[in-house]
Amino acid sequence: MSQKVVTRFAPSPTGMLHIGGVRTALFCWLFARKHEGTFILRIEDTDLSRSTDDNIRIIEDGMAWCGLDWDEGPVPGDPQAWRGPNGPYRQMQRLESHYRPALEKLLAEGRAYRCRCSKESLDAARAEAEREGRIFQYPGTCREAGHDASQPFSVRLKMPQGGEPWLEEDCIVLRDLIKGELRFPATSLDDWILARTDGTPTYNFCVVVDDTSMSVTHVIRGDDHVANTPKQIALYQAFGFEQPTFAHVPMILGKDGAKLSKRHGATSITEYQAMGFLPSAVRLALARLSWTPKIDGKAVESAEEELLTDEQMIQLFDLADCQKSPARFDMDKLQWINQKLIQRASWQELEPHLRSFLPEAWSGKSDDWKALAIHSTQKGKSLVEMAEALRFAFERPAGFDAKAVEKFLTDAIKPALRDLCALTDYTHEALEAGFNAILEKHGLKTKDLAQALRVALCGKPVSPGIFDTLLLAGRDEVVARVERWL
RNA sequence: GGGGCUAUCGUCUAGGGGUCAGGACACCGCCCUUUCACGGCGGUAACACGGGUUCAAAUCCCGUUAGCCCUACCA
């Protein structure tokens, strides 16, 4: 197969970008990047009630934040614009240009037919079958009726009934890159609806038309679509289209093994952003769910190897190394990854991400100050923790930890604090020298003075390294905050 | 009810006839230490169950159980 790889992520605008969707998108993206192919973003907006421009914007923004750049698809912020040769990339804009002609073709060729059965009568039949414990399948009432368009109709696909040469032992066979070979008995599928009575096409129909017209070579999507695939395969047959390669990635479950939902905490990608995760950390954590990178055929064997860069992920990514079973989302691991990536990033890399968690005053600080602030807090698990640890540098403590005050801000320490206020040379070296001199003079231990200072400056006995804390607060603030205790 | 998928430490997983069943996260302990952390070292912990096949089964086969997906004129 020498043709260029094309993958696509096709979310429907529900008002948020689900973390599970992001994982699927990530796999599509990794696969496309690895094979130097094309990654398409397509919006499945046939559910009109939810498909607002705002909701589509949420998807675009979420994708962008995650660093999942698409080669073809909508242009953020402009509902009418798109880039790529096979647009539009919003389904509702493809009705007349793509779906209608495809439907006509099928009808004309007798691959599909007009069905006049009403939804009501079908529902009733289904209910009755259910009551009697039978399985309901559309009985094919209109299959050979040859109805014309003179009365309201829906359009159904003539599904194989057994004996068709492209079946294997009367089964529709799905060769899935992750799941392996799956067989679905033809008789288990009925003639499904391609277009509703109101003329709008259904999801399974649109997907096939779109994937074909967009030349998608690899359909990488969620597990929940496995059972839809044989229907789609039958449609590819009806059209005479070549099938793409399928790969169904397992679902992401919550901590308790149930489908990941709101009650597990965060499901929307924007919540992860708000919790102070780096997009790179989210990418790695998500990728490592159901995927085991293999280096020279061996799975990663150390913490060091676990921390793959994007480049390594792209290079190593292989659908063959993906799990068939669902994985539970592991927040602890995400935090660990986040912490590690924060640790190894430069302050310049971190700054743009950290900025939004800090007060306005941050932007007025010098580069040296910012670098120090970031370096001194770069052990946190999240950007939120870093920002929290830097609070003291922007505002005076709102309150003081009573126990800490009692323990550290003793009368015995006050003469030393007074001496410390006299220090004027605010460089790390000078501060350290002066600090040590004061300790010696008063016969104190580092801990005594450092903790007293922390409480006075931050309201609590926790802060970055004591010299960094002093430097970050600045002499004026140090003196001001310490003096009230003297 | 029918069709399909899945099952190794708490979690993510490696391993696919003979392994002390390996790693990572989390957890616990010790060390380091100017706080909180970081870091270093060590430890606890798993083959869902029942039958086969075999000299030998976590690995192969068949059941059972459990979970998930589909079974819409939703996507």
Side-chain angles (χ1 to χ4, degrees), chain A residues 10-14 44-47 50 91 115 117-119 122-123 126 129-130 132-137 153-156 174 176 179-180 182-185 187-190 192-204 206-207 222-231 248 250-251 253 255 257-259 285 288-292 294 298-307 323-337 339 343 377-381 385 389 404 408 435 439 445-451 453-455 458 460-467 469:
Chain A
S12 55
T14 59
E44 312 248 314
D45 60 347
T46 52
D47 182 346
R50 298 189 293 191
Q91 287 185 329
C115 172
C117 300
S118 71
K119 176 149 172 31
L122 258 18
D123 285 346
R126 190 182 343 267
E130 223 162 85
E132 294 170 9
R134 297 190 343 259
I135 21 150
F136 177 79
Q137 291 198 152
F153 62 89
S154 61
V155 180
R156 286 181 188 271
L174 161 59
D176 191 282
K179 300 282 182 180
L182 272 29
R183 292 171 169 268
F184 303 84
T187 53
S188 68
L189 279 347
D190 62 0
W192 54 283
I193 291 186
L194 303 175
R196 307 178 182 95
T197 308
D198 67 4
T200 58
T202 58
Y203 166 77
N204 284 113
C206 294
V207 174
D223 221 347
D224 49 338
H225 290 288
V226 169
N228 285 324
T229 310
K231 292 183 189 175
H248 288 92
M251 307 264 84
L253 272 23
K255 195 93 194 160
K259 201 171 166 183
R288 292 293 281 99
L289 244 31
S290 305
W291 173 51
T292 303
K294 302 265 177 83
K298 293 197 301 287
V300 293
E301 276 283 290
S302 68
E304 198 54 35
E305 286 180 344
E306 292 251 8
L307 298 165
Q323 217 67 24
K324 293 179 181 173
S325 48
R328 302 183 190 210
F329 188 74
D330 187 354
M331 188 63 89
D332 288 330
K333 188 85 169 232
L334 205 212
Q335 283 184 336
W336 175 76
I337 290 171
Q339 182 174 47
Q343 279 175 16
T377 53
Q378 230 173 330
K379 274 133 193 170
K381 283 184 165 58
E385 271 187 28
F408 298 114
F435 188 95
L439 292 185
K445 283 186 287 203
T446 307
K447 187 175 194 166
D448 302 326
L449 221 207
Q451 289 305 79
L453 276 169
R454 286 193 168 96
V455 177
C458 311
K460 58 187 187 204
V462 176
S463 85
I466 194 60
F467 304 116
T469 303

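So that the names make sense, note that chain A is the first sequence line, chain B the second, and so on, each numbered from 1.
The phosphate of B:A37 (OP1 or OP2) has no side-chain N or O of A:Gln378 nearer than 4.0 angstrom. Residue A:Lys324 places at least one side-chain N or O under 4.0 Å from the OP1 or OP2 atom of B:U6. Neither OP1 nor OP2 of B:U35 sits under 4.0 Å from any side-chain N or O of A:Ser463.
Of the nucleotides present, B:C41 is the one that pairs with B:G29 by Watson-Crick or G-U wobble criteria, both distances under 3.5 Å. B:C5 is paired with B:G67 under the Watson-Crick or G-U wobble criterion, all donor-acceptor distances under 3.5 Å. Base-pair partner of B:C60: B:G52 (Watson-Crick or G-U wobble, both distances under 3.5 Å). Applying the Watson-Crick and G-U wobble criteria (two distances, each under 3.5 Å), B:G16 pairs with nothing in any strand.
Every residue meeting the side-chain contact (heavy atoms from CB on, under 4.5 Å) condition with A:Phe153, not counting sequence neighbours, appears here in chain and number order: A:Arg114, A:Ala149, A:Val155. A:Gln137 is linked by a side-chain hydrogen bond (donor to acceptor under 3.5 Å, both in side chains) to nothing, counting only residues two or more places apart in sequence or in another chain. Scanning for salt bridge (charged side-chain N to carboxylate O under 4.0 Å, His left out) contacts around A:Lys381 gives an empty result, with sequence neighbours left out.
Straight-line distance between the C1' atoms of B:C32 and B:C68: roughly 47 Å, to the nearest whole Å. Between B:G42 and B:G23, the distance separating the two P atoms is 11 Å to the nearest Å. Taking atom P on both nucleotides, B:A26 is separated from B:C62 by 40 Å, rounded to a whole Å. B:G39 and B:C49 have their C1' atoms separated by 44 Å, with the value rounded to a whole Å. Taking atom P on both B:G22 and B:A14, the two are 15 Å apart, rounded to the nearest angstrom. With C1' as the reference atom, B:G15 and B:C9 are 15 Å apart, rounded to whole Å. For the P atom pair drawn from B:U44 and B:A24, the interatomic distance equals 14 Å after rounding to whole Å. Rounded to whole Å, the separation between the P atoms of B:C28 and B:C20 comes to 31 Å.
In this structure, NZ of A:Lys379 is placed 9 Å from P of B:G39, rounded to the nearest angstrom. In this structure, A:Gln451 places its CD atom 12 Å from C1' of B:U33, rounding to the nearest Å. We find that CD1 of A:Ile466 is positioned 11 Å from P of B:U35, with the value rounded to whole Å.
Ion pairing between a basic and an acidic side chain is recognised when a charged N comes within 4.0 Å of a carboxylate O; A:Arg126 and A:Asp123 show such pairing. Looking at A:Lys298 and A:Glu305, no side-chain N of the basic residue comes within less than 4.0 Å of a carboxylate O on the acidic one, giving no salt bridge. A:Asp330 has no carboxylate O lying under 4.0 Å from a charged side-chain N of A:Arg288, or vice versa, which leaves the two without a salt bridge.
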Base, backbone or nothing for each nucleotide of nucleotides 15-32 of chain B, written B, S, -, heavy atoms under 4.0 angstrom, 5' to 3'?
S------SSBSS------

For nucleotides 68-75 of chain B, just jot down a letter per nucleotide in 5' to 3' order: B, S or -, based on protein non-hydrogen atoms under 4.0 Å.
-SS-SBSB

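Considering CG of A:Leu189 and NZ of A:Lys231, their distance stands at 7.0 Å, rounded to 0.5 Å. Rounding to the nearest 0.5 Å gives a distance of 11.5 Å between CZ of A:Arg328 and CG of A:Leu289.
Of the two residues contacting RNA chain B, namely A:Ser290 and A:Phe467, the nearest-nucleotide position lying further toward the 5' end is that of A:Ser290.
At a threshold of 4.0 angstrom between heavy atoms, the contacts of A:Gln137 with the nucleic acid are absent.
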Identify each donor-acceptor pair in which a side-chain atom of residues 192-203 of chain A lies under 3.5 Å from a protein atom, sequence neighbours left out, and give them as a table.
from	atom 1	to	atom 2	distance (Å)
A:Arg196	NH1	A:Thr200	OG1	2.9
A:Arg196	NH1	A:Pro201	O	3.2
A:Asp198	OD1	A:Thr200	N	2.9
A:Asp198	OD1	A:Thr200	OG1	2.7
A:Thr202	OG1	A:Ile193	O	2.8
A:Thr202	OG1	A:Leu194	O	3.2
A:Tyr203	OH	A:His225	ND1	3.3

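Residue A:Pro185 has its side chain nearest to B:G4 when only B:U11, B:A14, B:G4 are considered.
For the pair A:Glu385/A:Gln335, no side-chain contact is recorded, criterion being any heavy-atom separation below 4.5 Å from C-beta on.
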